Amino acid sequence: MAELLQGKPIADKIKQTVAKDAQNFKNQYGIAPLLCAVQLGNNHAAQLYIKAQKKTAEQLGISYRVYNLSLQTTHNQVVELIKQLNHEKNVHGIILGCPLPKHLNVEKIICYINPCKDVEGIHPENLGNIVLANEAVIPCTACAVMEILQSINIDLYGKEAVIVGHSKIVGKPLALLLLNKFATTTVCHIATAKQGMLIEHIKRAEILLVAVGKPNLVRGIWIKQGAVVVDIGINRVGNKVIGDVEFEEAFKRAAFITPVPGGVGPLTVAILMRNLLKTAKMQSIGKK
Ligand code: NAP
């Protein structure tokens, strides 16, 4: 039977440190660190995410400002707002609420955020720094997974790590973070599945990290005995939220496994706030 890897205790520790850092920042500079969210339209999931961020920010002594723009806002208008926030000295972090309407290209817009205010760690400069093992601001979910692995003191050196899912904000940065720790890292994606090779890779994973968004994609019987399983997927099925890994069977085989909900999820907002303190400090030492 596996040991459950709950995210909340790790998130609570991170939040404690962030709250102290926010207080120290305020003592030193006379203002609270400020996170600005730019949101287009009223997407329900995005609104919930912003509400959760605002609540956590306030609990930790961080100011949180939301810019609610209409769905018709043009590329130039969003970029103008970002440039204005880049220049505002008291703005320490900028977060772009996704999904953006179809007429806007998120990757182009992100390039306008000052990398020292990019709390989500998705500006090409911050992503590129991970390639160089010079990690500055790391995408929150990938960082959350690394925190979970660190919480069990696992030595990643030479371990067989298999990631399923190669998205730009989760799978790919996670692969680089694992490589930076010398894990032998395999990244599986849609082509791996189409070639029927998913099972083969998963079966030899000592550390399995799944970020796809397909309920029960990974069968429990594929899990190597004693593996560490981090399920990043979030899928609403009926009135339940489940992950990408068939939990009951995986639980019998793994040594450690994250529950969904309650595993990776609770950590992401805490890490976002920690990133904000990082970017706030970067600006206060005049990096940019
Ligand atoms: P995404 O951008 O949709 O990426 C999904 C990835 O899975 C893609 O790389 C896709 O490959 C790959 N894929 C699709 N079908 C596959 C299959 N049958 N076998 C192997 N790979 C397959 O999603 P994401 O943003 O990375 O998020 C993934 C999941 O994590 C979602 O459920 C999301 O809700 C969840 N998530 C959770 C948190 C959290 O805080 N816990 C945070 C972020 C995301 P192609 O692109 O080549 O098709």
Side-chain angles (χ1 to χ4, degrees), residues 4-8 10-11 14-15 43-46 48-53 55-56 95-100 102 105-107 110 119-122 127 130 138-149 151 161-178 185-205 208-219 222-223 229-237 240-247 257-275:
L4 275 185
L5 291 170
Q6 303 279 5
K8 191 174 177 301
I10 310 171
I14 293 174
K15 285 184 196 168
N43 177 290
H44 182 63
L48 285 180
Y49 191 44
I50 282 190
K51 210 171 143 192
Q53 284 174 10
K55 190 173 160 204
T56 306
I95 182 164
L96 191 59
C98 287
L100 290 183
K102 284 201 169 67
N105 180 329
V106 65
E107 277 152 31
I110 280 164
V119 280
E120 292 184 287
I122 52 177
L127 289 173
I130 307 179
I138 303 174
C140 302
T141 308
C143 187
V145 174
M146 296 306 285
E147 286 287 343
I148 285 177
L149 295 178
S151 75
V162 175
I163 302 171
V164 187
H166 68 158
S167 71
K168 292 171 194 124
I169 57 161
V170 185
K172 280 182 189 163
L174 185 53
L176 293 168
L177 291 168
L178 289 163
T185 306
T186 303
V187 184
C188 301
H189 41 68
I190 190 70
T192 322
K194 283 191 175 157
Q195 294 292 334
M197 294 298 288
L198 213 49
I199 307 177
E200 194 134 326
H201 290 292
I202 290 173
K203 278 192 162 168
R204 62 177 167 70
L208 176 68
L209 314 122
V210 190
V212 174
K214 290 193 176 156
N216 295 332
L217 171 77
V218 174
R219 302 282 308 279
W222 300 349
I223 307 291
V229 179
V230 180
D231 189 350
I232 302 148
I234 301 176
N235 307 287
R236 197 164 286 280
V237 177
K240 277 179 79 179
V241 172
I242 63 170
D244 290 347
V245 179
E246 196 184 37
F247 185 81
I257 188 167
T258 53
V260 177
V264 179
L267 270 161
T268 49
V269 179
I271 287 168
L272 181 78
M273 299 304 156
R274 187 172 70 185
N275 280 353

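Just so you know, ligand 1 is whichever comes first in the structure, and atom 1 is the first atom listed for that ligand. Nothing here was measured: the structure is a model prediction, and the numbers come from that model.
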Between L177 and C143 the two heavy atoms that sit nearest each other are CD1-N, 4.4 Å

For L267 and I14, the nearest pair of non-hydrogen atoms, with its separation, is CD2-CD1, 3.7 Å

In terms of heavy-atom contacts, L174 and M146 come closest through CD1-SD, 3.9 Å

So the salt bridge (charged side-chain N to carboxylate O under 4.0 Å, His left out) pairs with at least one residue in residues 140-149 (sequence neighbours excluded) are E147-R274

For F247 and T258, the nearest pair of non-hydrogen atoms, with its separation, is CE1-O, 3.9 Å

Protein neighbours of ligand 1 with a heavy atom under 4.0 Å, given by chain and number, are T141, V164, G165, H166, S167, V170, H189, I190, A193, L198, A211, V212, G213, K214, L217, I232, G233, I234, V264, G265, T268

Closest non-hydrogen contact found for T56 with M273 is CG2-CG, 4.2 Å

